[in-house]
Novice: 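Can you read through this structure? Questions will come right after.
By convention in this document, chain letters (A, B, ...) are assigned in the order of the sequence lines, proteins followed by strands, and residues within each chain are numbered from 1. Note that the coordinates shown come from a computational prediction; the quantities given were computed from them, not determined experimentally.
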Amino acid sequence: MFEGAAGSGSAKVNPSASNSESRRSFLAGLLGVGSVFVGALLSVPLIRFALFPLIRRTTELKGSPVGELSEFASATEPVMRTIQIEQVDGWRKAVSEKAVYITKDGQGQLRALTSICPHLGCTVPWNKEKKEFICPCHGATFAADGSRVSGPSLRGMDTLETSVQNGQLMVQFQYFRQLVSDKEVIG
Amino acid sequence: MSSHTIESGQRKAGMWGWLNRRTGVDDLLRKALDEPIPGGARFAYIFGSGLLFIFISQVITGVFLALYYVPSADHAHTTVAYITKSVTAGSFLRSLHAYGASAMVVVLFLHLSQTYIYGSYKGRRELLWLSGCVLFSLILAMAFTGYLLPWDQRAYFATAVGTNAVSEVPWVGESIKRLMRGGTEMGTLTISRFFVAHVFLIPAFIFALVGSHIFLFRKAGAAGPVDEDPYHPKKTAELFYPRQVLMDLALTALLIAGLGLLCFFVPMQLGPPANPADTQYIPRPEWYYLPIFQWLKYWRGSTAIVGVLVIPTLLALAIISLPFLDRNIERRPWKRPVAMGAYAFVVFSLVGLGLRSQYLDRHDPEVAQQLAKQNAEEKDYASKPFEPELSSASLAAANVTLADPLAAKGKTIFEGQSCNACHGDGGIGTAAAPALIGISKKFSADQLAELFKHPTARMTAGGMPPIDLPSDDLKALIAYVESLK
């Protein structure tokens, strides 16, 4: 492929001692090992860069503050709060608003419910007169603690994970699959 | 395939032998390494492989950077900020790519100087020289197009000046500028064009030309020292391997160590995002473009054509046609006073212009102050943590809450009545029901009220219930729906 016209054709090559076969292959081995070592060293930042999504979370749904714990302590029925949820997706984030209910379970512990109906995803309002959650779309009803009472829904309203930070109630928003009897996180 | 390959391949056992019998890799390696160098190995010949190494490094780091980069005016800066501030080793890799460009220009200058001073373009090496000239301009084009991609203040304004200079070319200048920018102004189309040039077009040409450059080099053979005959080398030759390989590797090791330390301890900065409305910003190009930048300052108005077009074209033509014009076989620099004088003149002019530009910036108090301010803004931006970009969908939703209070109340009703279950958050529409955005153009407030109370047969069939609300709430809901634009 690379036939030397002016170069290799008429040049006299010096068969010096340094070109002896064993020395050449020892050097080749040394260079090979050296190149592999340097190559491996150089690929460390490349691998770290490409594997970033394995090292750290690149997508997350951040917990949102709902309010002071004391605000909900004396509540006798579910309280609706609109929370801002921040969904981080790599270098972008989406901020949206979702309605959640803060209510109490059988033991009087605070519990957060998503307002999305587990039947077909309508927003479920609290009916003050009937003391029930009644979905306006297909009439599913739920008790104050979110458990299923009647209607087409296959399960009760979905509870969200909560935590307390500096006296603030935090809710971790999530979406759940509809039309199934067991609560199943989406995404 | 020669009988030698088959024999040596059959002799060798193991993996290498297996591979060699199928590929002839031994023979290829021997061809590559047994290149004769008249007069023996020298450190003067190391720059070509240095360039090849940096080029490969640029390709690899470039491909990796593209894992996170998005070429658009909206996202380019955010994604580069994400790379620098969030992604592991991101700042290091971006610095390697950016400083690699500078290193490329430096080693390119050394390679060109060595070829010129050694007279290595002589003796049937016209095409080799020509392919080198094209590669030279392609690498400068890579530096120019890549510089814009981070879309920070520095990148934006330097490219604005660079593309403006093109419009000085008579007749076609304005059209070329518009073609480069994708319009009269710099914008998102400019990024797309520069990105395509930087990532697809120019690299393709560089690959092709590097191939032909190396092929033509091997065809002509190494030129050897300055007292060697460029046509018929007479000196005893030494093979490329091992001594010249080791010398080339010494430069590579130096480049790896130098760039590695630089990128680790002084990472490349990213300034604040481009703000085209900033009238204060003083654009300054990367250091290797400073001489041209300073040169263009001297040519304004009616003489601009001389400085922008005539002189550069003449200089380029002189460089390109060098091996055709200079037919003398003499290669020793001290016997080529005109060639060496011209080289010294061009190099001193470039260095002088670059220094002059620096000097003027430092001695004009207003400029110096503004440049210091720009640097401070860059440092300030670099020290801030990464802030994700707010997606446009959430901006639309947020804007509505800022609108009039009646619409804000309507929004609560919209969500409370589960309208969003079918019509989507912010009325963007879902598979179940149409979008409500822009509906106020189709229906008046009264018509909407009527439709809400008494949906049409088609609406009812689609699942839309009649809305039974107190008139205040209905007004608020209509105000909200009308605000969806």
Novice: Does any heavy atom of chain A fall under 4.5 Å from the side chain of B/Leu96, the backbone, both, or neither of them?
Specialist: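 The answer is neither part of B/Leu96.
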Novice: Counting distance only, does the side-chain N/O of B/Tyr68 pair as donor-acceptor with the main-chain N or O of A/Gly90 below 3.5 Å?
Specialist: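 Answer holds: no.
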Novice: Does any heavy atom of chain B fall under 4.5 Å from the side chain of A/Leu27, the backbone, both, or neither of them?
Specialist: both
Novice: What's the separation between atom CZ in B/Phe64 and atom CD1 in A/Ile47, rounded to the nearest 0.5 Å?
Specialist: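 Taking CZ in B/Phe64 and CD1 in A/Ile47, the distance rounds to 7.5 Å.
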Novice: Can you say whether B/Leu246 sits under 4.5 Å from chain A via the side chain, the backbone, both, or neither, judging by heavy atoms?
Specialist: side chain
Novice: Side chain, backbone, both or neither: which part of A/Ala50 has an atom under 4.5 Å from a heavy atom of chain B?
Specialist: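 A/Ala50 touches chain B through backbone and side-chain heavy atoms alike.
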Novice: Looking at B/Thr88, B/Val245, B/Asp34, which makes the most heavy-atom pairs under 4.5 Å with chain A?
Specialist: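 Result: the option with the highest number of such pairs is B/Thr88.
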Novice: Taking every non-hydrogen pair under 4.5 Å, which of A/Pro45, A/Gly34, A/Gly121, A/Ala99 racks up the most with chain B?
Specialist: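 Heavy-atom pair counts peak at A/Pro45.
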Novice: Please indicate whether A/Glu77 has more than 12 foreign heavy atoms, meaning atoms of other residues, nucleotides or ligands, lying under 6.0 Å from its CD.
Specialist: yes
Novice: How long is the straight-line distance from OG of B/Ser391 back to CD of A/Gln87, given to the nearest 0.5 Å?
Specialist: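 Reported value, rounded in 0.5 Å steps: 9.0 Å.
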Novice: Is A/Phe26 atom CZ crowded by more than 12 heavy atoms from other residues, nucleotides or ligands, each under 6.0 Å away?
Specialist: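 Atom CZ in A/Phe26 is not crowded, with 12 or fewer foreign heavy atoms closer than 6.0 Å.
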Novice: Pick one of side chain, backbone, both or neither for A/Leu31, based on which atoms fall under 4.5 Å of a heavy atom in chain B.
Specialist: side chain
Novice: Which atoms of A/Val44 are under 4.5 Å from chain B, going by heavy atoms: the side chain, the backbone, both sets, or neither?
Specialist: neither
Novice: Non-hydrogen atoms of chain B under 4.5 Å away: do they reach the side chain of A/Leu42, the backbone, both or neither?
Specialist: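 Looking at A/Leu42, just its side chain touches chain B.
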Novice: Just verifying a value: how many Å separate A/Trp91 CH2 and B/Ile83 CD1, rounded to the nearest 0.5 Å?
Specialist: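 The CH2 atom of A/Trp91 sits 11.0 Å away from the CD1 atom of B/Ile83.
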Novice: Would you give the length of the straight line joining atom CG of B/Leu249 to atom OG of A/Ser35, rounded to the nearest 0.5 angstrom?
Specialist: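 Reported value, rounded in 0.5 Å steps: 6.5 Å.
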